[in-house]
Structures are given as C-alpha cells and as structure tokens.
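As structure tokens, the structure follows; a few thoughts come after it.
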Amino acid sequence: MRRVVLEARGDFEEWRKAARALAAAGILPDEIDWQEKSSEPGFAFQRDALPPDPPADARPMSVPPAFMALAEVVICHSDAKRFSLLYSLLWRLLENRNLLDLASDEEVSRLRLMQKSVHRDAHKMTAFVRFKEVAAPAGERRKFIAWFEPDHYIVARKAPFFQRRFTDMDWLIATPKGSAAWDGERLTTSNVPCEKPDISDATDDLWRTYYASIFNPARLKVKAMQAEMPKKYWKNLPEADLIPGLIADAEAKVLAMAEREATMPLPYHNRIKEASARVPAPEMAPAGTLNALREEAAVCSRCPLHARATQTIFGEGPDNAEIMVVAEQPGDQEDLAGRPFIGPAGKVFDDAIAQAGIDRSRLYVTNAVKHFKYAPRGKRRIHQKPNLGEVQQCRWWLKLELDLVKPRLIVAMGATAFYSLTGEKQKLGDVRGRPIAMEEGRLLFVTVHPSYLLRIPDEDRKAHELARFRQDMNQIKALAA
Ligand code: URA
C-alpha cells in the first residue's frame, strides 16, 4: 500500500499532479492510502514518495472534460474520501468514458452529492459574508474585513466573485479554511487557516436597520427562512438577533396593515376609474376570434397592473397552433415592443427550441399575466413577480386563449404559469419533465422559466441547467410529434 499525503485544502493542482503520476505508473486505486496532512503538531503521517512525473513527451491521459469540471469542485469538499473516490472514478473512466452519465453509479452519485454540497456552501458564502469597516490611514481606500465559516475549501473558488462585486474597496475575507484579499490591484488567496478577528462596526447597525425595513411580516415563511439561512450562520450575521422579535411581532403587524389598508385608496385608483369607464365590462361575452380578444385585452383593467404598464402584451402565434407556450409575464423589453418573449429570456428560449428543431412561428406564445409588473429604480424598471390575485384576474384571458387556440400540448414555463393553468402551487421539481393529462385530451408539460437560467451565478450549474432545459425542449418536440 502506498501512502500519499496531501495538504488537502482545495488545491486541485496538488491532487491532479499526484493522480497523474500514480496513474501513469499503473498504480491501482486500492493500492493507495490517501491521507490529509494533519495540522496538529507532532502528528504527521509517514508518506511514500510519488512515482516520477511521466516524461514530457508521454501521451497525456485523456479524461472527459466533465470529469475535470466535477473534480475541480469536489476537491474543495472537506470529506477526506474525495481523493480516493476521484482516483477510482478516474481509473474507471479510462475503461468507460460515459460513466459520468450513469446517475445510478454509486461513486458518481456520491461525487455529485459532494459537488452539490460545495456549490451550496459557495452560494451561502455569497449570501452571508458581512464586511465590517476597519480603520484606514487618511487618504487611503476604505478597508473592510469579513469573517465567514464555510463547510468546505471554497474561499479561493469564490474570491473572484467578491473581487467583481466589491471592486472599489480593499477587503479581506478570513475563514478557518483560508482567506482572500483584494487591494484594488491584486487578488490574493491563502489556504492558511485564520483566527476569528474581533470586529464589529457601525455597518452592523446599518445592516440591522436595512434588514428590519425590508422585512415584510405579510410574507413571513419561517420554514423557508430557516432553509435559506441556516442557524449555523446566524452567529456571524449582525441582523440575526432581530429575527426572533420580527417573527413574534409579524402577526400583529399584518393585522395592523390589513386595518390600514381598508381606509386607503387603491394605488392609481384614478387611472383605474378612468380606464374602467372606457372598457366594456369583462363579463361581456368574448368575441369569437383571437384578434377580437386581443383588442379587448388591450384595454383590460381587471387588476391594477395595467395602470403602470405601457400596454397589454397579448399572446402571439397561429390561432390553430398545436403547442401553446405559457410564460410568466412580459418583461421590460416586451412591454416596450408590444410582443411576448422577445427580451433576454425569450432569446434563451428561441435558442433552445431552435436546437430542438421547433419552429417558433408554429407556436402560440403567451403569458399568465399580460402586463409588466415592476418597481422603478432610478431609470430602471425592476421586474416584480405577479401576486396570486393578479394571476387569478389574468387567467380570464388565458382561459379564452386556450378555448380559441385549442392546443394539444401546453408548455408551462415556471411556477406562475403552472399555477395559472392548474390552480395548484407545486414545487417545479415535482412536476417538471413528465406530461400531465388535462381537460379536453390536452397534455401539460412543465419546465423552468428561462429567466431562472439567466440568474444562476455559478457557470457550471448554469451550463448544467441549460442542458436540462434543452432536453425539455427535445421532449416537447417528441411529444408534439
Ligand atoms: N418573461 C416572460 O415570462 N414572458 C415574457 O414575455 C418575457 C419575459
């Protein structure tokens, strides 16, 4: 048995170099005892020398790029088993290059779970790092320090994210698993463990004020909060001690809000009143063609969203389309252009259907909600999710579109579309990808909304989710056929 001892602090090159030399020397997985170098003084493993590096002109080992992507993430995991699992998979890949596609393979599935855990830890780091200002000499850039306790060796991996996000200040992120620092010119990382610095500053109070002001008691979901913000991070979050009090007061606050609501005029009520004077009552019999319906919808005032949107964005496509695609609501570009799904999310959709061989001009594309809902931020209009009441009001139009077009297959993109079509609130993961029988012999196929793909910060995960979305489009093509 050959003992290989690694520093094991998330350095992919360290493992790769060792694995390459061992594999080139033909050393089998069960002939290696992989160990992590202990940080405790006086406790060191006896290590065996690695075989020499393969000669420079030796044929390089050929492993699928997907293995490299997986290994680079898994190496950051803190489980000591990662080295032997990766090495074993590496050997098996030499026999079967498609092994990574076998989700049921035990090693692949263990490594995928490790990969997921590292991604999750990295996501938590982006959410829960809180910088605190420290004294800087007069005239110099402001300096900040943050303390974070990750589960895995993710600091070097996440450092470029913080460099991009906080580029105009000097900062240091210290963790028990290493550190990262940015001084405006150089990003440096180290895997030497740090001690917790003693820091608290005026930004703590700012954070607390901000957090208390954005806390909406009417939207309180304790379980979701606990899942998103596990307690282990609380001790380093300045706002954490506010949370129990905010939760305890939530019910009384919601009641008080409801009472106030009754005495306040509806937002934009003047415009709603004017519009409703112009509009035929929605209960009037719908005309029998899509064009007539589109004209009626152009003056819709069933909910307050019409008051701020530029125009109604009605569905588009042949009136006998076999497939109807239902998305959420128009975005900024659609609101200005007057057509559904032509902005960034629409482009992702167009590319995916094109590769699946689906012709967009044969689809009827529409939204669950026909007006753009947004919050103004300076010159920008920031998308806001429609609420259940708005979706229910707009279902009036969607139902009429379905009655007229009579598609055989309906594609719901995202949870809002699914709710509008079925009246059910479901986790998308539970309904995605398998056709659901609907009234009148129709099939409903559920997938994610393309704007979800655009929001994924991690490039590996984004590529993975995009590939899944494309598979969904292939399935739609097959179902339609
Ligand atoms: N997102 C949607 O859900 N629909 C659009 O039309 C544009 C963006």
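Being a predicted model, the structure only gives us computed values, none of them experimental. All ligand and atom numbering here is 1-based and tracks the order in the structure.
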> Do the charged groups of R339 and E334 touch, with an N to O distance under 4.0 Å?
Replying inline: no
> Judged by modelled atom types alone, do E424 and Y419 share a side-chain donor-acceptor pair under 3.5 Å?
Replying inline: no
> Residues in ring pair (Phe, Tyr, Trp, His ring centres under 6.0 Å) with F314, at least two apart?
Replying inline: none
> Quick one: which ligand 1 atoms are inside 4.0 Å of a heavy atom on E328?
Replying inline: 2 (C), 3 (O)
> Numbering the atoms of ligand 1 from 1, which are under 4.0 Å from a heavy atom of A327?
Replying inline: 2 (C), 3 (O), 4 (N)
> So, does H449 sit close enough to ligand 1 that a heavy atom of it is under 4.0 Å from the ligand?
Replying inline: yes
>> Residue-level breakdown please: for E334 versus ligand 1, do any non-hydrogen atoms fall below 4.0 Å on the side chain, on the backbone, on both, or on neither?
In response: side chain
> Closest non-hydrogen protein atom to atom 6 (O) of ligand 1, residue and atom name please, with distance?
Replying inline: F341 N, 2.8 Å
> What's the shortest distance from atom 4 (N) of ligand 1 to any protein heavy atom, and which residue and atom give it?
Replying inline: N367 OD1, 2.7 Å
>> Just to check, does G346 reach to within less than 4.0 Å of ligand 1 when the distance is taken from its heavy atoms?
In response: no
> Does any donor atom in the side chain of E328 or H383 lie under 3.5 Å from an acceptor atom in the other side chain?
Replying inline: yes
>> Regarding T126 and K158, do their side chains bring together a donor and an acceptor under 3.5 Å, going by distance alone?
In response: no
> Taking the inter-plane angle between the rings of F162 and W171 on a 0 to 90° scale, is it parallel (under 30°), tilted (30 to 60°) or perpendicular (over 60°)?
Replying inline: perpendicular
> When you measure from the side chain of T422 to the backbone N and O of F418, does any donor-acceptor pair fall under 3.5 Å?
Replying inline: yes
> Short list, please: which atoms of ligand 1 are under 4.0 Å from a heavy atom of P340?
Replying inline: 6 (O)
> Closest non-hydrogen protein atom to atom 1 (N) of ligand 1, residue and atom name please, with distance?
Replying inline: Q329 O, 3.2 Å
